[in-house]
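Beneath this line is the structure, given in structure tokens, with notes to follow.
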Amino acid sequence: MSSRLIRHLPALLVLIPAIALGCFTSERAQILGKQHPDIDFESMAHHMKQQERVDYDYSGPARCIAGSADKFDCHQVSLSGWLDLPTIGGGSGADNWGWVHADSGRRFALMGRSNGVSFVEITNPDDPVYLGNLPRPDGVGTSTWSDIKTYDDHAFMVADAVSGHGIQVFDLTRLLDVDPEDPQTFDHDAHFTGEAGGNTLHSAHNIAINEQSGYAYAVGGNLCSGGLYMVDIRQPTNPTYAGCFADDGYTHDVQCVVYRGPDEAYQGREICFASNEESVTIVDVTDKANPVQVGRHTYDDAAYTHQGWLTGDQRYFLTDDELDETSNDLAGTRTLIFDFESLEEAPDPAEYIADGLSIDHNQYVIGDYVFQANYQRGLRILRIDDPATAELTEVAWFDTFPEDAPLGFDGAWSVFPYFADGSVLVSDINRGMFILRVDDPDVAAVLDGLLFRDRFRQE
């Protein structure tokens with residue numbers, strides 16, 4: 001454990017009796033031979049079955065003025081709406097995603113929690129409306145990790161460190177008819193637990209969906225050595241097993257696309273960019289029964305390769321390492337950018353070090369901007385000036401966790417910037433759901449418009 005993290009432990013103990021945990025689990029730490037930074041807190045949290053929340057006296061939307069929106073530090077990002085965890089089903093916050101009903105334009109936030117998934121309408125971002133909760137399947141316990149993605153008006157949900165969860169499927173059009181005065185406790189529409197006659201898919205750390213191909217990838221699970229467990233979801237309520245890629249072991253997160261990047265040898269094929277704890281591993285999954293590893297790319301001072309996202313031209317892959325800030329005693333949050341002009345061979349990634357320090361988590365790219373959820377520094381929006389040299393400029397932010405303890409796993413878990421109306425969703429582990437509005441005109445222009453299904457280009 002780094003000296004900087006040790007210095008902050010007393011403050012963390014005072015602020016949060018049972019600290020919220022990041023994606024890096026103690027089970028993975030043991031397998032990898034790494035020390036888990038918050039192992040004592042993890043034991044406490046699992047004993048209590050849920051994390052402690054941080055109270056916030058919300059008084060309505062707040063513009064970002066002179067660096068503050070209510071109690072939150074900000075720059076060019078204002079607070080539109082907020083809902084606390086007890087209101088949306090309890091537990092602690094986890095991953096999020098969003099859904100837009102194409103015909104009506106109504107917008108919905110989906111937020112994972114330690115005990116289920118919340119559904120909130122945010123068509124009016126200043127007045128979010130809680131519509132209901134999908135609990136975990138019967139008999140499935142509480143755990144910190146929950147992840148969600150969408151396809152064809154359905155949500156697909158997984159959870160880690162549990163038994164019997166598999167993949168829940170929920171028809172999102174059911175939300176259209178919910179009475180806002182009567183939030184519902186929903187049942188799932190389908191429950192996929194693995195290949196017929198095969199082993200049960202109990203848990204998965206994450207799920208990714210290629211909306212162009214209609215395949216889901218459950219990763220970090222109990223099957224397929226934690227690798228790419230592939231599921232055909234083209235009939236959303238009838239998922240079927242499609243294949244497995246286990247050659248590079250555990251995958252923590254992944255982005256899979258129908259490739260149209262610069263490497264001509266792979267154009268038109270379905271390619272997965274997997275964050276595999278110590279590498280970015282690229283896999284051709286066009287033939288689900290015979291996936292092929294294309295390249296395995298490492299970097300200096302790797303601690304835990306966590307997650308990443310492609311730029312619109314599919315040449316550059318922005319990557320975050322969840323443990324390098326604590327393991328390497330960095331001065332600021334590090335973002336790595338791989339140049340994948342060739343998928344098989346690539347130079348060492350370029351590095352950007354932020355002016356502020358926090359552990360990084362999930363990030364997503366739209367146009368020339370990357371939207372990062374960086375735990376205790378909240379939402380950070382950076383302009384990608386030159387990906388080849390990792391020249392980034394932080395242009396906007398909103399700190400959902402203003403307490404001064406930069407190297408803990410509290411605060412912002414994930415960000416969803418794809419609502420195409422200027423709104424950005426941030427799920428906070430301790431405080432709940434934040435609906436934010438970007439005020440920077442250049443960033444707002446990128447967020448305002450319809451997106452193609454691959455989430456790269458704008459119409």
Side-chain angles (χ1 to χ4, degrees), residues 23-25 27-29 31-34 204-208 210 213 215 217-221 223-230 242-311 313-324 327-328 334-351 360 362-363 365 387-388 390:
C23 279
F24 182 60
T25 66
E27 290 85 357
R28 295 309 304 167
I31 290 169
L32 293 173
K34 296 178 181 288
H205 188 78
N206 216 316
I207 186 168
N210 183 350
S213 68
Y215 283 86
Y217 300 85
V219 299
L223 299 180
C224 195
S225 298
L228 302 177
Y229 186 88
M230 301 177 245
C244 162
F245 176 78
D247 290 357
D248 196 43
Y250 183 97
T251 293
H252 191 80
D253 206 330
V254 66
Q255 183 185 13
C256 299
V257 300
V258 176
Y259 183 72
R260 51 179 178 77
D263 193 333
E264 294 182 358
Y266 294 96
Q267 289 176 355
R269 303 187 68 79
E270 187 165 9
I271 304 296
C272 290
F273 296 77
S275 296
N276 279 18
E277 300 188 304
E278 297 177 325
S279 69
V280 174
T281 298
I282 301 177
V283 185
D284 185 338
V285 296
T286 308
D287 181 352
K288 305 297 184 293
N290 296 287
V292 178
Q293 182 170 306
V294 173
R296 186 178 190 274
H297 306 280
T298 58
Y299 53 93
D300 292 338
D301 297 323
Y304 197 81
T305 312
H306 174 263
Q307 186 260 359
W309 206 255
L310 290 163
T311 54
D313 58 6
Q314 296 187 354
R315 173 169 176 171
Y316 298 96
F317 189 72
L318 281 73
T319 309
D320 55 87
D321 186 309
E322 193 178 14
L323 296 184
D324 55 358
S327 299
N328 301 335
R334 180 172 70 156
T335 301
L336 301 134
I337 304 182
F338 283 92
D339 182 349
F340 286 140
E341 184 176 21
S342 166
L343 299 184
E344 299 176 8
E345 302 289 340
D348 293 337
E351 296 186 3
D360 40 3
N362 291 348
Q363 61 182 327
V365 175

Requested in this report: Test side-chain contact (heavy atoms from CB on, under 4.5 Å) on R296 and S279 and set out the steps.
Outcome: CA-CA 6 Å; R296 186 178 190 274; S279 69; 3.5 Å; yes

To the closest 0.5 Å, what do you measure between [atom1] ([X]) and [atom2] ([Y])?
X	Y	atom1	atom2	answer
N362	E322	CG	CD	8.5 Å
H297	E344	NE2	CD	8.5 Å
S342	D263	OG	CG	5.0 Å
D284	R269	CG	CZ	4.0 Å
D247	C244	CG	SG	8.0 Å
R334	T319	CZ	OG1	10.0 Å

Report task. Could you please spell out the steps behind the salt bridge (Lys or Arg N to Asp or Glu O under 4.0 Å) verdict for D339 and R315? Result -> CA-CA 6 Å; D339 182 349; R315 173 169 176 171; 2.8 Å; yes

Between [X] and [Y], does any side-chain donor sit less than 3.5 Å from a side-chain acceptor?
X	Y	value
D301	N328	no
D248	T281	yes
Q363	D320	yes
Y304	E277	yes
E351	Y299	no

Taking all non-hydrogen atoms of both residues into account, name the closest pair between [X] and [Y] and its distance.
X	Y	result
Y250	G220	CE1-CA, 3.3 Å
V285	P291	CG1-CB, 4.2 Å
I271	L343	CG2-CD1, 4.2 Å
S213	E270	OG-OE2, 2.8 Å
P349	T298	CD-O, 4.1 Å
V258	G268	CG1-O, 4.1 Å

Query raised in the report: Looking at D300, D360, T305, which one forms a side-chain contact (heavy atoms from CB on, under 4.5 Å) with D324?
Result: D360

Query raised in the report: H252 vs H205 aromatic rings, parallel, tilted or perpendicular, using cut-offs 30° and 60°?
Result: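 Geometry flag for H205 against H252: tilted rings.
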
Query raised in the report: Aromatic rings F338 and F340: how do their planes relate, parallel, tilted or perpendicular, breaks at 30° and 60°?
Result: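 Ring orientation, 0 to 90° scale: parallel.
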
Query raised in the report: Can you check side-chain contact (heavy atoms from CB on, under 4.5 Å) on L318 and L336, steps first, answer last?
Result: CA-CA 6 Å; L318 281 73; L336 301 134; over 6 Å; no

Requested in this report: Decide yes or no on side-chain contact (heavy atoms from CB on, under 4.5 Å) for Y215 and C256, but give the supporting numbers first.
Outcome: CA-CA 9 Å; Y215 283 86; C256 299; over 6 Å; no

Report task. Determine yes or no for a side-chain-to-main-chain donor-acceptor pair under 3.5 angstrom, with Q314 supplying the side chain and R260 the backbone. Result -> yes

Query raised in the report: Where the side chain of Q255 meets the backbone of C272, is there a donor-acceptor pair that is under 3.5 Å apart?
Result: no

Query raised in the report: Centres of the F273 and F317 rings: under 6.0 Å?
Result: yes

